[in-house]
Amino acid sequence: MAGPDFERPSDFIRDIIKEDLKTGKYDGRVHTRFPPEPNGYLHIGHAKSICLNFGIARDFNGLCNLRFDDTNPVKEEVEYVESIKEDVSWLGFDWQERMYYASDYFEKMYEYAVRLIETGKAYVCDLSADEVREYRGTLTEPGRESPYRNRSVEENLGLFARMRAGEFPDGSRTLRAIIDMASGNINMRDPVIYRILHAEHHMTGNKWCIYPMYDFAHCVSDSIERITHSICTLEFEDHRPLYDWFLDRLSVYHPRQIEFARLNLSYTVMSKRKLLQLVEGGYVGGWDDPRMPTISGLRRRGYTPEAIRNFCDRIGVAKRDSVVDMALLEYCIREDLNKRARRVMAVLRPLKVVIINYPEDRTEELDAVNNPEDPGMGTRKVPFSRVLYIEREDFREVPPKQFYRLSPGREVRLRYAYYITCVGVVKDDRTGEIAELRCTYDPATRGGDSPDGRKVKATLHWVSAAHSMEAEARLYDYLLLKADPDDVEEGKDFKSNINPGSLETLTSCRIEPCLADAKPGSGYQFERMGYFCVDPDSTPGKTVFNRTVTLKDTWAKIEKKK
RNA sequence: UGGGGAGUCGUCCAACGGCAGGACGGCAGACUCUGGAUCUGUUUAUAGGGGUUCGAAUCCUCUCUCCCCAGCCA
């Protein structure tokens, strides 16, 4: 895969790896892994981790595994496994034959747990969940040792085997590590290694009724796969001593855990819990709603893998909490689409224009450039006739200062067509709304240039009324009104910041005939309006477009300032 | 008030004892058959106090602020 189109800066993780390579720590190997739990959809924050892990493997000639961290059967489903696989490969990464499940290692993990018991490092505890909590102590007070902590190895072995055999109900017993109930690090206060869960697992079915906890399963999985650098997010920093403790007591291959700051993006939310609230509360249409920061949402919105990868390269990797500006994500997709998207004319809010000096029965085919950034994309023919549509916002009966589009008496250019001058405004008798514009055209300006060299200040996009097709456009705006969605009044939550105008649906758009063959997923630039892509909701009768992102709009900015 | 982390332009990331730099955003201008794109200029930062040093964002020290941890979740 091609790298970014700018020099990728190093980062503290790559620096560590370079150092390890220099000292021969892992015999020159670099092996990472992306370890999602299949309990939800991937989002842009996961993309950061995917790009980091797979990117490091690529940069250092190493390998990156895809591993499903599926140790909690009550939350995990195959549906999520499928969507995660789709999203990772859509992003452009390839785990080759190395797709694993933590559940692949359940037998090995059981053996390792037995070994811990045998070496006096683990015990079966009969305390209930509530009691364990009570015994754990608090952030400032040490915990107390469980009364079951001193059971004999034989008794522990017997009890653990019976846990596996299904002799005990859920929650009645756990296997715990013997570490230090007075540790300032609460993770070290005899953490649970196995719990009893009589639940069907998406991979192992009913084979198991005890399941390992994350801290145990994760380090063991990394060790089994001979991962060199186990990269995770900051909240696991406290867990590193435990990660190291297990592998040290087990005397097995020991990867190095490195933590980095997760991605936060302004004007959106990233936690699975909040995303789920948006879906279940009906605030969005689903996990792949184009307003969602999920990979599937971004894909449907028209984002490309290239743009997302480039974004992940640009945001960098560090250990400090941060919030990346949504404007950077938008910059990345504009940058990508500007180079590749075919230009096309589409009128979102049509205003009828009659060219009164143009023959009624005439149609011309005008040449239009498909992408000025890439001449190789060629040209196309656009039909022109007496009755046209232009964008309603491109006409003002009383033009404000700095508005230099169409108004009575003013001349503008219709892109690739002619100069036209507005000579009349027809209004609806009842509503007073502008129903139609009367214009004249200058036949000498065919193609859009005037032989006498006179200038016009504006160029408008347009479509021929008779030749254009109807389409629907869905215009998206930020899902949340505030850059920090959690900035709310006392007693309220982020949902009070939901943007009621995050979706505007336009059903009477008029599009150029060349869009007749537009396929779902394909992206276009609607000249002057933004980048759009075809939504899967499209039917043969009506194409539905999602606005991926607007173009930078200087006029909109001027108007907003007033 | 326990433990673990982190503080650099508005935002994100660099600088690893030697001129605080880049990107995005903002502002201004040039150019333009997209008020797009492109190009140019510009704005603004080392949390605070002490110390070491010829020289400190970087080393030491004290202080302050922010984040994470009390699931049989990951």
Side-chain angles (χ1 to χ4, degrees), chain A residues 6-7 9-11 15 35-37 39 69-72 74-76 125 127-129 132-133 136-143 170-176 182-189 191-197 210-211 213-215 217-218 232-241 259 261 263 266 272 314-332 334-335 338-339 343 345 368-369 372-373 402-405 413-417 419 447-449 455-461 483 525-530 550-558:
Chain A
F6 66 97
E7 183 80 14
S10 192
D11 55 65
D15 289 345
E37 181 186 11
N39 72 340
D69 213 340
D70 57 348
T71 56
N72 186 354
V74 303
K75 287 189 176 176
E76 295 146 8
C125 180
L127 254 23
S128 71
V132 167
R133 190 176 311 121
R136 186 155 36 226
T138 67
L139 291 179
T140 51
E141 305 159 67
D170 286 4
S172 59
R173 287 184 164 85
T174 55
L175 182 72
R176 298 175 68 183
S183 174
N185 181 347
I186 290 176
N187 295 303
M188 301 301 270
R189 321 240 262 230
V192 172
I193 303 174
Y194 268 89
R195 77 283 215 185
I196 300 171
L197 237 37
I210 56 171
Y211 292 92
M213 297 289 291
Y214 165 85
D215 288 299
H218 204 87
C232 62
T233 43
L234 250 30
E235 68 270 26
F236 292 104
E237 213 152 14
D238 287 354
H239 294 243
R240 184 169 7 108
E259 311 84 14
L263 171 67
S266 60
K272 274 180 191 167
R314 283 174 184 271
I315 56 176
V317 181
K319 291 197 71 152
R320 102 181 62 145
D321 290 309
S322 61
V323 182
V324 174
D325 197 331
M326 182 68 90
L328 182 61
L329 218 211
E330 295 182 335
Y331 170 85
C332 289
R334 285 194 188 104
E335 183 191 43
N338 176 50
K339 288 181 295 196
R343 269 61 167 175
M345 292 195 283
V369 173
E373 303 292 318
Q402 291 184 82
F403 179 89
Y404 45 83
R405 274 110 99 145
R413 171 169 42 232
L414 293 182
R415 181 146 229 227
Y416 301 125
Y419 283 15
D449 286 305
K455 299 282 188 211
V456 285
K457 291 208 73 172
T459 299
L460 310 185
H461 62 280
Q525 184 195 98
F526 287 179
E527 294 221 24
R528 304 208 304 135
M529 302 309 288
T550 59
L551 256 22
K552 277 209 274 183
D553 190 341
T554 309
W555 167 244
K557 203 183 283 180
I558 293 169

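Chain naming here is simple, since letters A, B, ... match the order of the sequence lines and numbering starts at 1 in each.
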A/E527 CD to A/R343 CZ distance, which is reported to the nearest 0.5 Å
7.0 Å
Paired with B/U65 by Watson-Crick or G-U wobble geometry, both distances under 3.5 Å: which nucleotide is it?
B/A6
Given B/G2, is OP1 or OP2 found less than 4.0 Å from the side-chain N or O atoms of A/R189?
no
Taking any strand in view, what nucleotide pairs with B/U46 in a Watson-Crick or G-U wobble way, both distances under 3.5 Å?
none
Pairwise P distance for B/G36 and B/C27, with rounding to whole Å
13 Å
Side chain to side chain donor-acceptor pair (under 3.5 Å) between A/R528 and A/H461, intermediate numbers included
CA-CA 7 Å; A/R528 304 208 304 135; A/H461 62 280; 3.3 Å; yes
Nearest of B/A74, B/C68, B/G36 to any side-chain atom of A/Y214?
B/A74
Hunt down the Watson-Crick or G-U wobble partner of B/U58, both distances under 3.5 Å, from any strand shown, or write none.
none
Rounded distance (Å) that lies between atom P of B/C67 and atom CD of A/E235:
15 Å
Whole angstroms only, please: what is the CG-P distance between A/L460 and B/G35?
8 Å
Could you let me know what B/G41 is paired to, Watson-Crick or G-U wobble, both distances under 3.5 Å, or none if it's on its own?
B/C27
Quick one: do A/E259 and A/R240 make a salt bridge, cutoff under 4.0 Å?
yes
Counting only distance, no hydrogens or angles, is the base of B/G71 paired donor-acceptor with the side chain of A/R133 under 3.5 Å?
no
What's the closest nucleotide to the side chain of A/P372 if the choices are B/G36, B/G71, B/G3?
B/G36
Between CG of A/N39 and CG of A/D70, what distance do you get to the nearest 0.5 Å?
11.0 Å
Using a heavy-atom cut-off of under 4.0 Å over every strand shown, decide if A/R343 touches base, sugar-phosphate, or nothing.
base
Given side-chain contact (heavy atoms from CB on, under 4.5 Å), test A/I193 with A/T174 step by step and report yes or no.
CA-CA 7 Å; A/I193 303 174; A/T174 55; over 6 Å; no
Provide the distance between the two C1' atoms, one in B/G50 and one in B/G10, to the nearest whole Å.
31 Å
If only side-chain N and O atoms of A/K552 are considered, is one of them under 4.0 Å from the OP1 or OP2 phosphate oxygen of B/A37?
yes
Would you kindly give the CG-to-C1' distance between A/D238 and B/G3, to the nearest whole Å?
7 Å
Between A/T140 and A/G448, whichever has its closest RNA chain B nucleotide further toward 5' is A/T140
Rounded P spacing from B/A37 to B/U44 in Å
25 Å
Can you establish whether the number of heavy atoms outside A/K272 located under 6.0 Å from its atom NZ is more than 12?
yes
Does B/U32 pair with anything, Watson-Crick or G-U wobble, both distances under 3.5 Å, and if so, with which nucleotide?
none
Within the structure shown, what part of the strands sits under 4.0 Å from A/E527 by heavy-atom distance: base, sugar-phosphate, or nothing?
base
Between P of B/G36 and NZ of A/K457, the distance in whole Å:
13 Å
In terms of the nearest nucleotide of RNA chain B, which residue is placed more toward the 5' end: A/T554 or A/D70?
A/T554
base_contact_polar (B/G4 base, A/N185 side chain, donor-acceptor, <3.5 Å)
no
Reckon A/L329 touches a base, only the sugar-phosphate, or nothing at all at heavy-atom distances under 4.0 Å?
nothing
Does a nitrogen or oxygen in the side chain of A/K557 sit under 4.0 Å from OP1 or OP2 of B/C27?
yes
Considering Watson-Crick and G-U wobble pairs with both distances under 3.5 Å, what does B/C12 pair with?
B/G22
Taking the minimum atom-to-atom distance to the side chain of A/I186, which one of B/A70, B/G35, B/C73 wins?
B/A70
Check against side-chain contact (heavy atoms from CB on, under 4.5 Å), A/Q402 and A/I558:
CA-CA 8 Å; A/Q402 291 184 82; A/I558 293 169; 3.5 Å; yes
Whether A/T138 contacts B/G2 is assessed here as follows: a side-chain N or O lying under 4.0 Å from the phosphate OP1 or OP2. Is that the case?
no
A/R136 CZ to B/G3 C1': how many Å, rounded?
15 Å
Between B/C60 and B/A28, how far is it from one C1' atom to the other, in whole Å?
46 Å
Please classify the nucleic acid contact of A/H461 as base, sugar-phosphate, or nothing, using heavy-atom distances under 4.0 Å.
nothing
Between B/U58 and B/G17, how many Å separate the two C1' atoms, rounded to a whole number?
7 Å
Rounded to whole Å, CZ of A/R413 lies from C1' of B/G35 at a distance of 13 Å
Evaluate side-chain contact (heavy atoms from CB on, under 4.5 Å) for A/Y211 paired with A/R195, printing each intermediate quantity in order.
CA-CA 6 Å; A/Y211 292 92; A/R195 77 283 215 185; 4.0 Å; yes
Can you measure A/E335 atom CD to B/G36 atom P for me and round it to whole angstrom units?
17 Å
Go along nucleotides 9-18 of chain B 5' to 3' and tag each nucleotide: B for a protein heavy atom under 4.0 Å from its base, S when only backbone or sugar atoms are that close, - otherwise.
--SSSS-B--
Proximal nucleotide (of B/G36, B/G25, B/C73) relative to the A/A327 side chain
B/G25
Would you call A/E335 and A/R314 a salt bridge, using N to O less than 4.0 angstrom?
yes
Base, sugar-phosphate, or nothing: which does A/M188 touch, judged by heavy atoms less than 4.0 Å apart?
nothing
Against the side chain of A/Q525, the closest entry in B/U34, B/U1, B/A37 is B/U34
B/G48 and B/U8, which share atom name P, separated by this distance in whole Å
11 Å
So CD of A/E373 and CG of A/N338: to nearest 0.5 Å the spacing works out to 4.0 Å
Please classify the glycosidic conformation of B/G7 as syn (within 90° of 0) or anti (everything else).
anti
Taking the P atom of each, how far is B/G49 from B/C16, in whole Å?
24 Å
Under 3.5 Å donor-acceptor pair, A/E373 side-chain atoms to B/G36 base atoms:
yes
Might you work through the side-chain contact (heavy atoms from CB on, under 4.5 Å) test for A/L551 and A/M529, ending with a clear yes or no?
CA-CA 6 Å; A/L551 256 22; A/M529 302 309 288; over 6 Å; no
Please pick, from B/A74, B/C72, B/C73, the nucleotide with the shortest atom-to-atom distance to any side-chain atom of A/K75.
B/C73
Looking for any heavy atom pair under 4.0 Å, which part of the strands does A/Y416 touch: base, sugar-phosphate only, or nothing?
base
A/Y331 (side chain) and B/G25 (base): donor-acceptor pair under 3.5 Å
no
May I have the distance from A/K455 (atom NZ) to B/G35 (atom C1'), rounded to whole angstrom?
16 Å
What contact category does A/D215 fall into here, base, sugar-phosphate, or nothing, at under 4.0 angstrom with non-hydrogen atoms?
nothing
Between B/G21 and B/C9, how many Å separate the two P atoms, rounded to a whole number?
14 Å
